[in-house]
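These numbers were taken from a predicted model, which means no experiment stands behind them.
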Amino acid sequence: MPSDPIRRTPFQRSATDRRARSDAVSGCRRGSDRRSRPITWLALFRDADPERVENALAGCEVLALPAGTPLLRPGEANDAVYLLLSGRLGAVLDSRAPATSAVEVLPGETVGEMSAGDGQPVSALVLALSDARVLRLPRELFWQQLSTLPGIARNLLSVVSVRMRRSNEVMLSAQRRQLELDVARQLQAGMLPHRQPLFPERSDIDVAARIASASAVGGDLYDAFLVDPHTLFFCVGDVSGHGIPAALFMARVVGLVRITAMGVRAPELLLRQVNDQLCEGNEVNMFVTLLCGFLDTVSGRLRYAAGGHPPPVLLNDEGARLLPLPRGALLGVFEQVAFEAAEVTLHPGDTLLGYTDGLTEAPDPAGEEFGESRLLALTARHDGDAATLIAALRDAVSAHAGGRPLPDDLTLLAVRRPPR
């Protein structure tokens, strides 16, 4: 069993000099101004008789909590009220939520008074957001002695009311953000194709794609559609950042690419036009890396271009290799940037794989990245359809990461010409 990280010291009364009564809490770190005050600097004891307060506190404990240490856990029984002396505590209603969503408890405020009063289990996770010192007030002492002192019951009501208002503000802010995330998630889901494979009715092309987002709303994108019966357009991209801004910028990129691809069949010209339009009104200075191409489904001729994106992988009878990357800059940064294109032929049985850097940069527990060598080695061993390749790569990255959440979005898109 791990040792208890909480250090306990007894409460010590101050000397008879009332100017030093702030030292009544042994080891509590406070500024020099607080050292000259009686214990009534704490909001709970404001305007109370310091002598009577200190007499009631005789025998109490001071708990020193390292940052991240839980003080109260949901479902546990609680028999004390805790008064924060220094540092920061946070109350998290959902123990699965990050500590950043905690309702902060400030020095001089209390926690645990509800469960200590009604005998019900603790309802929130309370933990130290920084190194903190807490005065533990046993239930009987708090309710039978301290609360009966003049002014303390009123002070307790004021302290709890302030914390409840703060809690309401945090919950309302969280609800607003969750609503925004839901809208952005629905926007993303409606913008991208989700069938696997993407063209089940076609026997001349096999296309599959997947996104694994590092956050609730990511910035990666992919798309694939027929601009005419024998020309397939596809793209894969990575928007800077995460969350709602990235989702909105992603939607803008997808919309511009789709509109442009219907009138421009040269990928280098498509990227130039999309880039110029993204630069307009881009006050937030976001950008996107993009790989796109047009495939003639009859001849297998593929013309592709890229802007700041990782090179695609070509898988054929000779193995797997990275294709040359045409010159191209990030989209959305500088206007009037020229892009170049390259060509390759996909023969029956060949596969082109596009991906975002969340694949090659995915770290293992020791920090080693998945890398291009692993990508090529795994791809070279594959002999199957596009969806199977996508699933194999995702499983390999997950295994490499040890099952931990990925720090960045990961998107894969495979375009294959099935064997005759």
Practice problem: Could you list the residues that satisfy side chain to side chain contact (heavy atoms under 4.5 Å, CB included) with R301, not counting sequence neighbours? | Solution: D296, S299, R303, E343
Quiz item: Between CG of L322 and CG of L353, what distance do you get to the nearest 0.5 Å?
Solution: 10.0 Å
Quiz item: Any ion pair linking R416 and D350 (charged N to carboxylate O, less than 4.0 Å)?
Solution: no
Quiz item: Atom CD1 of I152 and atom CZ of F45: how far apart are they, to the nearest 0.5 Å?
Solution: 5.5 Å
Quiz item: How many angstroms lie between atom CZ of F339 and atom CG of N275, to the nearest 0.5 angstrom?
Solution: 4.5 Å
Self-check item: Nearest non-hydrogen partners of G108 and L42, listed with the distance
Solution: CA-CD2, 3.8 Å
Quiz item: So, does R8 use its side chain to make a donor-acceptor pair with the main chain of A64 at under 3.5 Å?
Solution: no
Practice problem: Enter the distance from R374:CZ to T379:OG1 here, rounded to the nearest 0.5 Å. | Solution: 13.0 Å
Quiz item: Are any of the side-chain heavy atoms of L71 and L63 separated by less than 4.5 Å?
Solution: yes
Quiz item: Just by distance, do the side chain of D131 and the backbone of A67 share a donor-acceptor pair under 3.5 Å?
Solution: yes
Quiz item: Under 3.5 Å, side chain of D223 to main-chain N/O of F234, donor-acceptor pair present?
Solution: no
Exercise. Would you indicate whether the side-chain heavy atoms of R133 and L65 approach each other to under 4.5 Å?
Key: no
Exercise. Calculate, to the nearest 0.5 Å, the distance between atoms CG and CG belonging to L389 and L378 respectively.
Key: 8.0 Å
Quiz item: Do the side chains of S115 and P121 get nearer than 4.5 Å, heavy atoms only?
Solution: no
Exercise. Please report the closest heavy-atom contact between A128 and L89, naming both atoms and the distance.
Key: CA-CD2, 3.8 Å
Quiz prompt | Over all atoms of both residues, closest heavy-atom pair of P311 and Y355 | solution = O-OH, 2.9 Å
Quiz item: Should the heavy atoms of other residues, nucleotides or ligands under 6.0 Å from CG of D383 be counted, would the total exceed 12?
Solution: no
Exercise. Side-chain contact test, heavy atoms from C-beta onward, threshold under 4.5 Å: evaluate it for L232 versus V415 and give yes or no.
Key: yes
Exercise. Quick one: which residue pairs count as a salt bridge (Lys or Arg N to Asp or Glu O under 4.0 Å) with a foot in residues 226-244, not counting sequence neighbours?
Key: D228-R265
Self-check item: Check: Q336/R272 side-chain N/O donor and acceptor closer than 3.5 Å
Solution: yes
Practice problem: Determine, stepwise, if the pair V333 / C279 fulfils side-chain contact (heavy atoms from CB on, under 4.5 Å). | Solution: CA-CA 6 Å; V333 180; C279 288; 5.7 Å; no
Quiz prompt | Which atom of G112 lies closest to which atom of N78, heavy atoms considered | solution = O-ND2, 3.1 Å
Report all side-chain donor-acceptor pairs from residues 390-406 shorter than 3.5 Å, counting only partners two or more places apart or in another chain.
{"unit_1": "H400", "atom_1": "NE2", "unit_2": "A362", "atom_2": "O", "d": "3.4"}
{"unit_1": "H400", "atom_1": "NE2", "unit_2": "D364", "atom_2": "N", "d": "3.4"}
{"unit_1": "H400", "atom_1": "NE2", "unit_2": "E368", "atom_2": "O", "d": "2.8"}
{"unit_1": "H400", "atom_1": "NE2", "unit_2": "F370", "atom_2": "N", "d": "3.4"}
{"unit_1": "R404", "atom_1": "NE", "unit_2": "A401", "atom_2": "O", "d": "3.4"}
{"unit_1": "R404", "atom_1": "NH2", "unit_2": "D364", "atom_2": "O", "d": "3.1"}

Quiz item: Is the backbone N or O of R88 less than 3.5 Å from a side-chain atom of S130, with the two atoms forming a donor-acceptor pair by type?
Solution: yes
Quiz prompt | Smallest separation among heavy atoms of L413 and C235, with atom names | solution = CD1-O, 3.7 Å
Practice problem: Would you name the heavy atoms of P193 and L198 that are closest together and state the gap between them? | Solution: CB-CD2, 4.1 Å
Quiz item: When rounded to the nearest 0.5 angstrom, what distance separates CG in L141 from CZ in R139?
Solution: 12.5 Å
